[in-house]
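Within every chain, numbering begins at 1; the chains are lettered A, B, ... in the order of the sequence lines, protein sequences first and strands thereafter.
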Amino acid sequence: MQSKKRSPAKLLETLRRNWEFQQVFRVGKSIPGREIVLYGMRTRRKHARFGFNVSKKVGCAVVRNRLRRRLREICRLFLGEIRTGWDLVLVARSDAAERDFWSLRQAFQQQAQRLGCWSEQAQPAGKT
RNA sequence: UAAGUUAGCUGGACGGUCGCGGGGCGGUGCAUCAUCGCCUUGAGGAAAGUCCGGGCUCCCAAGGGCAGGACGCUGGAUAACGUCCAGUGAGGGCGACCUCGAGGAUAGUGCCACAGAAAUGUGAACCGCCGUUCCUUGGAGCGGUAAGGGUGCAACGGUGGGGUAAGAGCCCACCAGCGGCACGGUGACGUGCCGGCUAGGUAAACCCCGUCCGGGAGCAAGACUCAUUCGGAGGCGGAGACAGCAAUGUCUCCCCUGGCGGCUCGUCAGGCUGCCUUCGAGUAUGUUGCAUCAGGCGGGCGGUAACGUCCGUCGCAGAGAGAUGACCGUCAACAGUUCGCUGUGACAGAACCCGGCUUAUAGGCUGACUUGCUAG
RNA sequence: GGGGGCGUGGCCUAGAGGCUUAAGGCGCCGGCCUGUCACGCCGGAGAUCGCGGGUUCGAAUCCCGUCGCUCCCG
């Protein structure tokens, strides 16, 4: 079911420094949701970058690890559909700990489309 | 068969597609590095809390004492422990068995509210009991008495008998407690005998005694490497010639800046708020510490056991914003089933490493034992 | 990684083995006052002392374990 054509940016590059997160929070737009809050900011880079923020209020270390891995997997699968030149930060809320993978994926897809970083060439109707 | 006690084990398994961290091999680009392919490997019984004990590393000290802290029945195990094992004693349970911070109250100090006469001191009479004196229905005074009542968590050994005016270890028997002796045991202690008749509780109050502990910091310890930086030393405009093996020195010409000089010229100073070389300190960064060790598994021997020892075998995570995720199928477990199937899967994530303790935990498995009931 | 502090009515504090039935202030409720509200006065309700266990005759207090919050250093 997966397309064999890989996107040119193979590696999932992540934000690491605190000032990078603060820049996205300060400059970019925010799309709030029940499970996650999506922050986005346009850059001049050739690829998209992602940051994940799961605070201690969400749950214990196992819950936080699993949620961050799920969000990372969602971003990896949607890497071809995201426009290049965006820095995105996914902040998990406490309701995200009870959701499964598919509802998280659907929520992220809707929020990314509202933010405007979704590319028009890829057809999201093929996957569901 | 029902209820229960206890000692352990396990913490889903297999496969497919996409994807990730470490290691090894090979290819390509440019050798650090990047990328691709293949192989291999990749969280726990508690990884948790950080409550103890160590290893390891650095600094200070290097002797002795005080102080301080921890521990506290006995013997053993261990690198060490507050842990473990085996015993002793006390308490609880019909029992299997469980629990115990379990030294000292005769070293000293403190406290024991309220109630009660009295709360620890060679001392105590509230109601009673008895004797006696006085008025004399009944009471008052004095004396004796700790057996009875009452208070209290606790009242100066308990029960029974003798004894007495009434009583009292005043006397006797047994019991509890204290001291001594003998025997058994490594020891805690147990058993027996004898003695004088009595000593409150509290040390998770201060304290005393005994044992142990160098102190402090912690892998963000520490070590190496060093951009920037700081400090020391030395040198420095360009070209040419000469001397010299060279470093270097001298001379000539030219260039720049400034002073003197009215100017060309001349003369003097500098080419230095900079750069280069080298040495040292040392931050960011990078490398290391970093996973082969009080190691796991199996077996033999010693020991009741904890554990020790020997042999064989295995190689088993190592990140630096932090690697295990998503989907599907089969089997196993549990629950509900209309017997087609459907649903559920606990607690929870290594960060230098070990030994423990404590806490959380769906379920499943095994062994031993106790008390009932039934049947033989 | 290392260390400290706190938890008491809805909120902020006190209490430090018994004299306490846990005290005070703000808040809440009822009444009085006022034409009404506020202020003031009187009265009242409201506490598993974070949780579990132990020591003691007796625990909010002492000891042990545990949970939560918060702060500091690197």
Base partner of [N], which must satisfy Watson-Crick or wobble distances under 3.5 Å:
| N | value |
| --- | --- |
| B:U283 | none |
| B:C33 | B:G29 |
| B:C129 | B:G144 |
| B:C226 | none |
| B:A70 | B:U211 |

Sequence neighbours left out, what passes side-chain contact (heavy atoms from CB on, under 4.5 Å) with [X]? Give chain and number order.
| X | value |
| --- | --- |
| A:R49 | A:E13, A:L15, A:E20, A:R45, A:H47, A:D87 |
| A:R69 | A:N65 |
| A:S94 | none |

For [X] and [N], give me the distance from atom [atom1] to atom [atom2], rounded to whole Å.
| X | N | atom1 | atom2 | result |
| --- | --- | --- | --- | --- |
| A:I74 | B:G325 | CD1 | P | 14 Å |
| A:Q22 | B:A321 | CD | P | 17 Å |
| A:D100 | B:U344 | CG | P | 11 Å |
| A:L77 | B:C327 | CG | C1' | 10 Å |
| A:F50 | B:C20 | CZ | P | 15 Å |
| A:L104 | B:G325 | CG | C1' | 13 Å |

Can you pull out the residues from residues 61-72 of chain A that lie within a 4.0 Å heavy-atom distance of RNA chain B?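 Per residue number, the list reads A:A61, A:V62, A:N65, A:R68, A:R69, A:R70, A:R72.
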Mind telling me if B:G45 is syn or anti? Syn here is a glycosidic angle within 90° of 0.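 Syn for B:G45; the angle stays within 90° of 0.
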I want to verify the glycosidic state of B:G320; is it syn or anti under the 90° rule?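 Syn conformation for B:G320.
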Set of residues satisfying ring-ring contact (aromatic ring centres under 6.0 Å, His included) with respect to A:F25, sequence neighbours excluded: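 Partners of A:F25 under the ring-ring contact (aromatic ring centres under 6.0 Å, His included) test: A:Y39.
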Taking atom [atom1] in both [N] and [M], what distance in whole Å separates the two?
| N | M | atom1 | result |
| --- | --- | --- | --- |
| B:A199 | B:G63 | C1' | 49 Å |
| B:G190 | B:C213 | P | 33 Å |
| B:G101 | B:A79 | P | 27 Å |
| B:G19 | B:A323 | C1' | 12 Å |
| B:G295 | B:A70 | P | 33 Å |
| C:G30 | C:C69 | C1' | 38 Å |

side-chain hydrogen bond (donor to acceptor under 3.5 Å, both in side chains) involving A:D95 - partner list, sequence neighbours excluded: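 With neighbours one apart ignored, the set is empty.
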Are A:F101 and A:V62 joined in one hydrophobic group, where the rule is that I, L, V, M, F, W and Y side chains link up if heavy atoms are under 4.5 Å apart?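 No: no chain of side-chain contacts under 4.5 Å links A:F101 to A:V62.
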Side-chain heavy atoms of A:I74 within contact of A:L104, under 4.5 Å: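 A:I74 vs A:L104: side chains touch.
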Would the number of heavy atoms belonging to other residues, nucleotides or ligands and lying under 6.0 Å from CZ of A:R93 be above 12?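 No - once you tally the heavy atoms of other residues, nucleotides and ligands closer than 6.0 Å, there are 12 at most.
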